Amino acid sequence: MGKASFLDSSIGRKFAMALSAFFLLFFLLQHLTINMMSVIHPETFNDVSHFMGNNFVVQAILQPILLAGVLFHFILGFILEIKNRGSRDSKYAAYKGSANASWMSRNMIISGIVILLFLLLHLYDFWLHEILVKYFSENGAENIQYVNRDPSLGMRYYPELREKFDGDIIRMILYVLSFLFLGLHLNHGFQSAFQSVGARNPKYLGLIKSLGKVYSIAVPLLFTYIAIHHYLGLTWH
């Protein structure tokens, strides 16, 4: 028989899940920082968006790594959920979910599915649009920053973001609801990720729990503000 894979064990799967969670937690902060620029300083948002959309390293290396990390996290999450449910059904006939775990910890699969559906919407709104403009527009990639735009208005990224949300209450509500589920998911997932890599010392659990609370509230709340800000057409200038 061949050697057992690291992911064949329950501990290995949880450890891998935690590492992918840390990767995505970092990505969320980076993504939030860039999107906050669309509120604070649109010119910087345009510059950063143009750089990331046309930089070979970002497009050919970092973007595929991010996509792989997202897919890995969600697929492994579904596998863990199936195995956990099977384990509870077969080994713990007297299991009382509400007595042993919070609602969120028992329903991470629900928030995960909502977030996955949101990601598909987000990719449709921005990534697919970017591909169509870059490779299928009349102007093509050589004039990518000004496609269908007056150059005097600056690069197209900020105006297109504004147009996406302008007056579209359905899109805004979908985004806000998705950020609510993201917060619920993060509230449990943040602390769980640290515990899965062995951070169980009582001395640090309080700090980890507090950081998790701050992260799971602040990040979704700021994303929510960004969506509402552009829906209402607000500016800081």
Side-chain angles (χ1 to χ4, degrees), residues 24-55 57-59 62-63 66 70 111 114-187 211 213-237:
L24 294 178
L25 287 171
F26 174 78
F27 164 73
L28 273 177
L29 285 178
Q30 177 259 340
H31 196 56
L32 174 62
T33 301
I34 293 174
N35 280 274
M36 278 302 298
M37 288 298 102
S38 70
V39 171
I40 300 170
H41 201 267
E43 292 81 3
T44 300
F45 174 77
N46 271 332
D47 291 339
V48 174
S49 297
H50 178 70
F51 170 79
M52 296 190 69
N54 295 276
N55 182 271
V57 173
V58 173
Q59 293 296 305
L62 298 183
Q63 190 166 263
L66 173 61
V70 170
S111 59
V114 173
I115 294 168
L116 182 58
L117 291 174
F118 164 72
L119 285 175
L120 294 176
L121 171 63
H122 194 57
L123 288 172
Y124 170 80
D125 281 344
F126 296 101
W127 181 80
L128 180 60
H129 171 77
E130 185 73 6
I131 295 299
L132 292 175
V133 171
K134 271 185 179 179
Y135 303 111
F136 298 96
S137 69
E138 292 182 5
N139 300 62
E142 61 186 39
N143 198 27
I144 188 69
Q145 66 268 41
Y146 299 126
V147 172
N148 298 321
R149 298 285 170 200
D150 179 352
S152 65
L153 299 177
M155 286 183 283
R156 64 183 176 84
Y157 302 96
Y158 177 74
E160 288 179 352
L161 172 61
R162 298 285 281 196
E163 284 184 6
K164 185 64 68 174
F165 284 94
D166 183 27
D168 192 340
I169 192 169
I170 300 299
R171 175 172 276 101
M172 188 271 290
I173 290 174
L174 288 175
Y175 270 66
V176 170
L177 287 176
S178 298
F179 296 143
L180 172 62
F181 276 91
L182 174 63
L184 293 172
H185 196 82
L186 291 171
N187 187 44
L211 287 175
K213 288 286 185 185
V214 172
Y215 189 100
S216 64
I217 293 174
V219 170
L221 194 60
L222 287 171
F223 274 124
T224 297
Y225 174 76
I226 294 169
I228 295 174
H229 175 93
H230 292 306
Y231 167 73
L232 295 176
L234 303 176
T235 63
W236 281 19
H237 300 283

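Predicted model, so just to flag it, every value in this text is computed and none were measured.
The two residues Gly183 and Pro220 make their nearest non-hydrogen contact at CA-CG, 3.5 Å. Considering all non-hydrogen atoms of both residues, His185 and Ser111 come closest at ND1-OG, 2.7 Å.
Listed for the Asn35 side chain is a donor-acceptor partner under 3.5 Å among the backbone atoms of His31. A donor-acceptor pair is defined here as one N or O able to donate and one able to accept, closer than 3.5 Å; no such pair exists between the side chain of Ser49 and the backbone of Asn46. In this structure, the side chain of Gln59 engages the main chain of Met52 through a donor-acceptor pair within 3.5 Å.
Distance check, rounded to the nearest 0.5 Å: CD1 of Ile170 to CE of Met172 gives 9.0 Å. Between Leu24 atom CG and Leu186 atom CG the span is 10.0 Å, to the nearest 0.5 Å. Here the straight-line distance linking atom CG of Leu174 with atom CZ of Phe118 works out to 9.5 Å at 0.5 Å rounding. The CZ atom of Phe181 lies 10.5 Å from the CG atom of Leu117; values are rounded to the nearest 0.5 Å. Distance CG/Leu182 to CD1/Ile115: 5.0 Å, rounded to 0.5 Å. Within the model, atoms CD1 of Ile217 and NZ of Lys213 stand 6.5 Å from one another, a figure rounded to the nearest 0.5 Å.
Within a 6.0 Å radius of CG in Leu132, more than 12 heavy atoms belonging to other residues, nucleotides or ligands are found.
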task = Take Tyr215 and Leu29 through the side chain to side chain contact (heavy atoms under 4.5 Å, CB included) test and state the conclusion after the steps.
result = CA-CA 9 Å; Tyr215 189 100; Leu29 285 178; 3.7 Å; yes
inquiry  = Evaluate Trp127 against Ile131 for side chain to side chain contact (heavy atoms under 4.5 Å, CB included), listing each step before the verdict.
reply    = CA-CA 6 Å; Trp127 181 80; Ile131 295 299; 3.9 Å; yes
request  = Please step through side chain to side chain contact (heavy atoms under 4.5 Å, CB included) for the pair Leu123 and Asp125, ending with a clear verdict.
outcome  = CA-CA 5 Å; Leu123 288 172; Asp125 281 344; over 6 Å; no
inquiry  = Determine whether Asp47 and Tyr157 satisfy the following criterion, side chain to side chain contact (heavy atoms under 4.5 Å, CB included), listing intermediate values before the conclusion.
reply    = CA-CA 9 Å; Asp47 291 339; Tyr157 302 96; over 6 Å; no
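With sequence neighbours excluded, the residues that form a side chain to side chain contact (heavy atoms under 4.5 Å, CB included) with Phe126 are His122, Leu161, Lys164, Phe165, Tyr175. Remark: Met37 pairs with Ile40, Thr44, Phe45 by the side chain to side chain contact (heavy atoms under 4.5 Å, CB included) rule, at least two apart or across chains. Judged as a side chain to side chain donor-acceptor pair (under 3.5 Å), and not counting sequence neighbours, Tyr231 has no contacts. Taking Asp166 as the reference, nothing meets the side chain to side chain donor-acceptor pair (under 3.5 Å) condition, with sequence neighbours excluded. Looking at residues two or more places apart in sequence or on another chain, you find a ring-ring contact (aromatic ring centres under 6.0 Å, His included) between Phe223 and Phe179. With sequence neighbours left out, the side chain to side chain donor-acceptor pair (under 3.5 Å) criterion links Ser38 to His230.
Using a cutoff of 4.0 Å between basic side-chain nitrogens and carboxylate oxygens, Glu163 and Arg156 are not scored as salt-bridged.
Looking at Ile226 and Leu32, their side chains come closer than 4.5 Å, going by heavy atoms from C-beta outward. Residues Ile173 and Ile169 form a side-chain contact, since some pair of their non-hydrogen atoms from C-beta on lies under 4.5 Å apart. Side-chain contact between Trp236 and His229 is present, with at least one heavy-atom pair separated by less than 4.5 Å.
There is a side-chain donor-acceptor pair under 3.5 Å between His50 and Asn54.
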